[in-house]
Amino acid sequence: SRAPAISVSAESCIPAGLRLGPVPGTFKLGKYLSDRKEPGPKKKVFSYAGPPVFQVRMVRGELVDEAGSSALEWIGLIRAARNSQEQTLEAVADLPGGQIFYRALRDVQPGEELTVWYSNPLAQWFDIPVTATPTHDEKGEERYICWYCWRTFKYPNSLKAHVHFHCALSHGRPFLHHDH
C-alpha cells in the first residue's frame, strides 16, 4: 500500500518558466496515477521569484514550502496530472538521461494545485505514450482504452501510466496507437 496523495498548491503566484529541482531519487512519474482525485493532506508552497506580489519575497529565486524547505524536500509529493487541462508543470531534462526538473507551463495562481506530466521529449525518452486518442462509450462519454488489455480510463495520462507501469499484456512493448 502507498501513502495518501498530498495536494501541493501554490500559496503565491508561480511565474511561467520557473524550474524546480532537480527531482531526487528514481523517477517514476505517474506510477500511482489513477482516474480519481484522491483526497489527502495539503501542502502550500511559496514563490520567492519575480516581483513581490501576494507577499512574495526574493530569496535566491526558488520555491519554498510553508516551513521554508526547498523544493528538493517536497517536489516528489507533486501529483501526476491526469490530463493537460489540470497540468501546471512539465517534467523536463537538459539532456536525455540527465537530471530531471519541473517547469511551470504558465503562471500558476495562488490556491492552484501543482500537477505535473512528462514533456514530449522526456516521455519519448522513457517510452511513455505521448498521445492517447479517446473513444466514446454508449453514454457518449470520452474513454481511453488500453489496446493491450482493453481496460478503460477516464483520463489520457491514466492510460499512458497504465501502459508504461502496469499493463501485464504490454510486456514493455511500445504503445500502439489506435490506427495500428
Side-chain angles (χ1 to χ4, degrees), residues 1-11 13-18 20 23 26-45 74-93 100-180:
S1 100
R2 63 189 177 92
I6 292 181
S7 174
V8 179
S9 62
E11 178 68 16
C13 184
I14 297 172
L18 184 71
L20 313 171
V23 178
T26 304
F27 191 69
K28 293 187 178 186
L29 175 62
K31 184 166 184 172
Y32 301 110
L33 182 62
S34 76
D35 273 345
R36 66 181 192 278
K37 198 171 187 176
E38 301 166 1
K42 294 186 184 301
K43 177 178 254 325
K44 293 180 178 180
V45 295
W74 50 262
I75 195 169
L77 302 175
I78 296 172
R79 283 195 242 221
R82 297 173 296 177
N83 58 38
S84 60
Q85 289 77 28
E86 72 179 22
Q87 182 180 354
T88 57
L89 308 170
E90 71 176 347
V92 296
I100 296 168
F101 295 84
Y102 292 168
R103 185 179 67 83
L105 291 170
R106 56 175 173 74
D107 289 347
V108 180
Q109 300 306 312
E112 228 182 316
E113 182 179 7
L114 301 180
T115 58
V116 64
W117 193 249
Y118 297 82
S119 64
N120 284 350
L122 195 61
Q124 290 170 348
W125 173 257
F126 280 107
D127 199 24
I128 302 283
V130 174
T131 61
T133 305
T135 187
H136 292 84
D137 64 16
E138 61 281 352
K139 296 177 187 173
E141 295 179 16
E142 277 190 355
R143 293 287 181 245
Y144 296 85
I145 300 172
C146 176
W147 297 106
Y148 299 110
C149 69
W150 299 100
R151 184 171 166 195
T152 62
F153 298 88
K154 187 174 180 181
Y155 297 99
N157 292 349
S158 301
L159 166 64
K160 295 172 191 177
H162 162 79
V163 168
H164 183 73
F165 292 109
H166 305 293
C167 184
L169 299 178
S170 73
H171 298 294
R173 291 178 288 185
F175 185 65
L176 289 177
H177 298 284
H178 75 285
D179 53 336
H180 288 150

Evaluation steps, side-chain contact (heavy atoms from CB on, under 4.5 Å), between L114 and I14: CA-CA 10 Å; L114 301 180; I14 297 172; 3.8 Å; yes
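- With sequence neighbours left out, the salt bridge (Lys or Arg N to Asp or Glu O under 4.0 Å) criterion links E142 to no other residue.
- If you take OG on S158 and NE2 on H166, they are separated by 10.0 Å, rounding to the nearest 0.5 Å.
- Taking all atoms of both residues into account, the shortest heavy-atom contact from A91 to I100 is CB-CG2, 4.2 Å.
- Proximity of a side-chain donor or acceptor of Y118 to a complementary backbone N or O of L29 within less than 3.5 Å is detected.
- Taking CZ of R79 as the reference point, atom CD of E113 lies at 4.5 Å (rounded to 0.5 Å).
- Going from atom OG of S84 over to atom OH of Y155 covers 12.0 Å, rounded to the nearest 0.5 Å.
- Ion pairing between a basic and an acidic side chain is recognised when a charged N comes within 4.0 Å of a carboxylate O; E112 and R106 show such pairing.
- When the options V163, L159, N157, N83 are evaluated for a side-chain contact (heavy atoms from CB on, under 4.5 Å) with Y144, the one that passes is L159.
- Side-chain atoms of R82 and L33, non-hydrogen and from C-beta on, do get closer than 4.5 Å to each other.
- Annotation: H164 is not in aromatic contact with F126 [ring centroid separation under 6.0 Å not met].
- Contact annotation: the side chain of C13 approaches that of Q109 to within less than 4.5 Å [non-hydrogen atoms, C-beta and beyond].
- Residues passing the salt bridge (Lys or Arg N to Asp or Glu O under 4.0 Å) test with D137, sequence neighbours excluded: R143.
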Starting from the C-alpha separation in whole Å, work towards a yes-or-no answer on side-chain contact (heavy atoms from CB on, under 4.5 Å) for S119 and R103. CA-CA 9 Å; S119 64; R103 185 179 67 83; over 6 Å; no
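- Expressed to the nearest 0.5 Å, how far NZ of K160 lies from NE2 of H162 amounts to 14.5 Å.
- Judged purely by atom type and a 3.5 angstrom limit, T115 uses its side chain to pair as donor or acceptor with the backbone of E86.
- When all heavy atoms of G111 and S9 are compared, the closest pair comes out as O-CB, 4.0 Å.
- The shortest distance between side-chain heavy atoms of W117 and I128 falls below 4.5 Å.
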Determine whether V130 and Q124 satisfy the following criterion, side-chain contact (heavy atoms from CB on, under 4.5 Å), listing intermediate values before the conclusion. CA-CA 7 Å; V130 174; Q124 290 170 348; 3.7 Å; yes
side-chain contact (heavy atoms from CB on, under 4.5 Å) assessment of F27 paired with L122: CA-CA 11 Å; F27 191 69; L122 195 61; 4.2 Å; yes
